[in-house]
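These notes are about the structure you will find just below.
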Amino acid sequence: MPELPEVETLRSELARSLPGRTIVGVDLRLPKIFVAADGGGPEALVERTVLQLRRRAKFLIVELSQNATLVFHLRLAGQLVHRDATGSTLAQGGHPVPAWGAPLPHKSTHMIFTLDDASTLYLTDIRQFGRVWCMPPSDVEPLLDRARLGPEPLDPAFTVDVLAGRLARRPRALLKPLLLDQSVIGGVGNIYADEIIFVARLRPDTLAGEIDRAGLDRLHRAIRSVLEFAVQYGVARILNGIAASGCDFPKVHGRAGTPCPRCGTTIVKTRFAGRGTYTCPTCQAAPVARRSPSA
DNA sequence: AACTACTCCTGGAGGC
DNA sequence: TGCCTCCAGGAGTAGT
């Protein structure tokens, strides 16, 4: 499930292979995933050249020539693969089903862009939840505004005071749902939420208003360090099986039944806020007020 | 305000 | 092997 680090890794790969390429053909196989601001079809993309790529939270934004922009959101299971004329992969990222290196197009490949160097960009999404918007550049910010995206956690402007301010608005909300709420922080999903909360030694059910200053500092450091590590180390490639894991990531998510890397207690999986949630029952601190010792 | 439930989907895992 | 059920989850919406 592509989260901020996965989308950023994908962006950086595509930023090396796509700019300068001109779209010469588009094959839209699942019309519902494509939303054009003018209600038109994807054929309007032909003869437009890729200028540059950027990212906002989990949105991948591809700026095109002639006043057009493509905005991708891969949601749960979208993947993008760019292959050259010989079928060699130039860039890839997102959800690892179908497996990297699998023949494309796949039965769940819903959009295929042919480029002027005979390379091909495949959008595959087994869940069909992903979306591609086409719009003039002036419409991009309004689209992102409608998503009410919170601050970029890797932006230098995202300080502990900014985080404290976001949480102060929702003092009675629980920590994990807050981290997953894109209007609080942009780009965190279920896997990284578990990792961040573990690293910060907090609990998913801690009330935002009960996190003290030291806890806020740990949470802020955890958000930055977990996401920065994931981007810099290319954790997306590990999660996706492209690269062998040479690091202890993830530390808790998906590791139920294995020892906590910090204290050795067995990691447990619970269902919290409707999501599979992994925690260490020992070293993730109990909340201050909601959970009395006798509870 | 803040929670839960539901919707959209289908591959994959597990049970039998 | 094959059928069945359940789970996975981002985000939007409706209901409580």
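Letters A, B, ... are given to chains in the order of the sequence lines, protein chains preceding strands, and every chain is numbered from 1.
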Under the salt bridge (Lys or Arg N to Asp or Glu O under 4.0 Å) rule, what pairs show up with a residue in residues 57-86 of chain A, not counting sequence neighbours?
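Counting only pairs at least two positions apart or across chains, the salt bridge (Lys or Arg N to Asp or Glu O under 4.0 Å) contacts touching residues 57-86 of chain A are A/Arg54-A/Glu63.
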Euclidean distance, atom CZ of residue A/Arg127 to atom P of B/dG12 [Å, nearest integer]:
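One finds 9 Å between P of B/dG12 and CZ of A/Arg127, rounded.
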Checking A/Asp181 now: which residues fulfil side-chain hydrogen bond (donor to acceptor under 3.5 Å, both in side chains) with it, not counting sequence neighbours?
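Here the qualifying residues are A/Arg170, A/Ser183.
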Does A/Ser108 have any side-chain hydrogen bond (donor to acceptor under 3.5 Å, both in side chains) partners at least two apart in sequence or in another chain, and if so, which?
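With sequence neighbours excluded, A/Ser108 shows a side-chain hydrogen bond (donor to acceptor under 3.5 Å, both in side chains) to no residue whatsoever.
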Under the rule for side chain to side chain contact (heavy atoms under 4.5 Å, CB included), what residues qualify as partners of A/Ser12, not counting sequence neighbours?
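If we apply the side chain to side chain contact (heavy atoms under 4.5 Å, CB included) test to A/Ser12, skipping adjacent residues, there are no hits.
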With A/Asn190 via side chain to side chain contact (heavy atoms under 4.5 Å, CB included) - residues at least two apart
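A/Asn190 satisfies side chain to side chain contact (heavy atoms under 4.5 Å, CB included) with A/Lys176, A/Leu180, A/His253, A/Arg275 once adjacent residues are dropped.
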Which pairs, with at least one residue in residues 158-179 of chain A and sequence neighbours excluded, count as a ring pair (Phe, Tyr, Trp, His ring centres under 6.0 Å)?
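Every ring pair (Phe, Tyr, Trp, His ring centres under 6.0 Å) pair that includes a residue of residues 158-179 of chain A, provided the two are not neighbours, is A/Phe158-A/His220.
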Using nucleotides 3-5 of chain B, report all nitrogen or oxygen pairs with the protein that are shorter than 3.5 Å.
residue	atom	partner	partner atom	Å
B/dC3	OP1	A/Leu174	N	3.1

If a protein heavy atom is under 4.0 Å from the base, mark B; if only from the sugar-phosphate, S; if neither, -; do that for nucleotides 10-16 of chain C going 5' to 3'.
BB-----
Taking only residues two or more places apart in sequence, or in another chain, which ones meet A/Arg224 in a salt bridge (Lys or Arg N to Asp or Glu O under 4.0 Å)?
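With neighbours one apart ignored, the set is A/Glu228.
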Under a single-linkage rule joining Ile, Leu, Val, Met, Phe, Trp and Tyr whose side-chain heavy atoms are separated by less than 4.5 Å, which residues share a cluster with A/Ile61?
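When side chains under 4.5 Å apart are linked, the cluster holding A/Ile61 also contains A/Val35, A/Phe59, A/Val71, A/Trp133, A/Met135, A/Val140, A/Leu143, A/Leu144, A/Leu149.
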What residue pairs, at least two apart or across chains, pass side chain to side chain donor-acceptor pair (under 3.5 Å) with a residue in residues 134-160 of chain A?
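Qualifying pairs: A/Arg55-A/Glu152, A/Arg56-A/Glu152.
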Atom pairs, N/O to N/O, protein against nucleotides 2-4 of chain C, distance under 3.5 Å?
none

